[in-house]
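A short write-up of the structure that comes next.
Counting starts at 1 for both ligands and their atoms, in listed order. This chain uses plain numbering: 1 for the first residue, then up along the sequence.
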Amino acid sequence: MECVIRQATREDCDPLMGLMREIAEFHHLLDEVTINSQVLKTDGFGEDPFFKCILAELPAEKGGKAARPIGFALYFFGYSVLHGRIVFLESLYVASEFRGKGIGVKLLGKVAEIALAAGCKEVRFVAMEWNSPAKDFYLRLGAKDMTQSHQQWHSMELSGEALQRLAQKGRRSPGGALGSSSGQAQQP
Ligand SMILES: CC(C)(COP(=O)(O)OP(=O)(O)OC[C@H]1O[C@@H](n2cnc3c(N)ncnc32)[C@H](O)[C@@H]1OP(=O)(O)O)[C@@H](O)C(=O)NCCC(=O)NCCS
C-alpha cells in the first residue's frame, strides 16, 4: 500500500481526532473521550508539547480525493529509572479498511527509528487483555508481554477523586510549590 509516513502538524488535528475517536470506539471507550481537536492543537502543537504523533497518509488522487490520514502513532518521551530514555507509545491505529497491508509495521518502525535516534532504550505500550490481534501483532515483532513475564507488571493509573485526594496531601506537604508553568494545564 502506497502511503506516506510523516509527522503530524497542527493542521492535522481534525482528522487525527477522527481517528482517535475510531480507536476509542474500537476499545468500547467512545463515551470516555473528553478531548477534541482544539485540545490536541494546544497539547501537541503549542509551546510545550505533551505528545508527538506520526501519521500514515494516503496521497491525493489525481483529480480525485485529497490526501487523508488513515493511521497514526501517538507517543511521547519518558524516562526509566532502570534504562534511562524511553518512548511511551500511547496509541497505534490503522483504519479498518487499510489493516493487514503493512501500515501498522511502517508506523511502529518509524517510532522505533525515532526512539533509537533519540537515545532511547525501549518503547513501552499497553494492550487490552481481549485485544489478541494487537498482542499477536506486537509479539510477532519481538515485543515482550511484561504482564506474562516473571516480573508480572500491571498497568495502573491514578485519576478522578483519588488523584484529587492525593494532590491535597501534596499541597499540605511542606516545601513550597514545585510546579512549573509547563505542568499547568492550558485552557484551549
Ligand atoms: C494493530 C494494528 C495497528 C496493526 O496494523 P496493521 O496495518 O493492520 O498491521 P500490518 O499490516 O502492518 O501487519 C503486519 C503483520 O502483522 C500481522 N497482523 C496484522 N494484523 C493482525 C491481526 N489482526 N492478527 C494477526 N496478525 C496480524 C499481519 O499479517 C502482518 O504479518 P506479516 O508481515 O507476516 O504478513 C491495526 O490492526 C489496528 O489498528 N488495530 C485496531 C486498533 C488496535 O488494536 N491498536 C493497537 C492497540 S494496543
Exercise. Relative to the heavy atoms of Ala134, which atoms of ligand 1 are at a distance of less than 4.0 Å?
Worked result: 44 (O), 46 (C)
Exercise. Hey, does Val126 sit under 4.0 Å from ligand 1 if you only count heavy atoms?
Worked result: yes
Exercise. So, is Phe98 polar-close to ligand 1, with some N/O to N/O distance under 3.5 Å?
Worked result: no
Exercise. If you count the non-hydrogen atoms of other residues, nucleotides and ligands that lie under 6.0 Å from CZ in Arg21, is the total more than 12?
Worked result: no
For this session: Could you tell me whether Asp12 and Arg6 make a salt bridge, using a distance below 4.0 angstrom between a side-chain N and a carboxylate O?
Result: yes
Exercise. Do you see a protein non-hydrogen atom under 4.0 Å from atom 28 (C) of ligand 1?
Worked result: no
Seminar exercise, completed: By side chain to side chain contact (heavy atoms under 4.5 Å, CB included), Phe88 pairs with (sequence neighbours left out) Phe76, Glu90, Arg124
For this session: Considering heavy atoms of the protein only, find what lies nearest to atom 21 (C) of ligand 1 and give residue, atom and distance to 0.1 Å.
Result: Pro133 O, 4.4 Å
Seminar exercise, completed: Closest heavy-atom approach to atom 37 (O) of ligand 1 among Glu22, Arg99, Met128, His27 is made by Arg99
Problem set entry | Residues forming a side chain to side chain contact (heavy atoms under 4.5 Å, CB included) with Leu163, sequence neighbours excluded | Leu158
For this session: State whether any protein heavy atom lies less than 4.0 Å from atom 2 (C) of ligand 1.
Result: no
Exercise. Which of the atoms in ligand 1, numbered in the order shown and given with their element, are less than 4.0 Å from a heavy-atom of Gly100?
Worked result: 6 (P), 7 (O), 8 (O), 11 (O)
For this session: Taking only heavy atoms of Arg140 into account, list the atoms of ligand 1 that are under 4.0 Å away from them.
Result: 17 (C), 26 (N), 31 (O), 32 (P), 34 (O)
For this session: Please identify which atoms of ligand 1 are closer than 4.0 Å to at least one heavy atom of Phe26.
Result: 41 (C), 42 (C), 43 (C), 44 (O)
For this session: Would you mind running through ligand 1 and noting each atom that sits below 4.0 Å from a heavy atom of Lys101?
Result: 11 (O)
Exercise. Do the two ring centres, one from Tyr138 and one from Phe125, sit under 6.0 Å apart?
Worked result: yes
Exercise. By number and element, which atoms of ligand 1 are closer than 4.0 Å to a non-hydrogen atom of Asn131?
Worked result: 43 (C), 44 (O), 47 (C)
For this session: Indicate yes or no: does an N/O atom of Gly102 lie under 3.5 Å from an N/O atom of ligand 1?
Result: yes
Problem set entry | Numbering as shown, the atoms of ligand 1 that approach Val105 to under 4.0 Å (heavy-atom distance) | 12 (O), 14 (C)
Problem set entry | Heavy-atom closest contact (Ala56 atom, Leu107 atom, distance) | N-CD2, 3.8 Å
For this session: Under 4.0 Å from a heavy atom of Tyr93: give me the atoms of ligand 1 that qualify, with their elements.
Result: 39 (O), 42 (C)
Problem set entry | For atom 20 (N) of ligand 1, closest protein heavy-atom neighbour | Phe137 CD1, 4.7 Å
Problem set entry | Non-hydrogen atom of Tyr138 closer than 4.0 Å to ligand 1 | yes
Problem set entry | Ile54 and its side chain to side chain contact (heavy atoms under 4.5 Å, CB included) partner, picked from Ile114, Leu108, Leu74 | Ile114
Exercise. Does Thr147 use its side chain to pair, donor to acceptor, with the backbone of Trp153 at less than 3.5 Å?
Worked result: yes
For this session: Could you grab the distance from atom CG of Leu89 to atom NZ of Lys52, nearest 0.5 Å is fine?
Result: 14.5 Å
Exercise. Does atom 12 (O) of ligand 1 have a protein non-hydrogen atom under 4.0 Å from it?
Worked result: yes
For this session: Look at atom 46 (C) of ligand 1 and say which protein heavy atom is nearest, naming residue and atom and giving the distance to 0.1 Å.
Result: Leu92 O, 3.4 Å
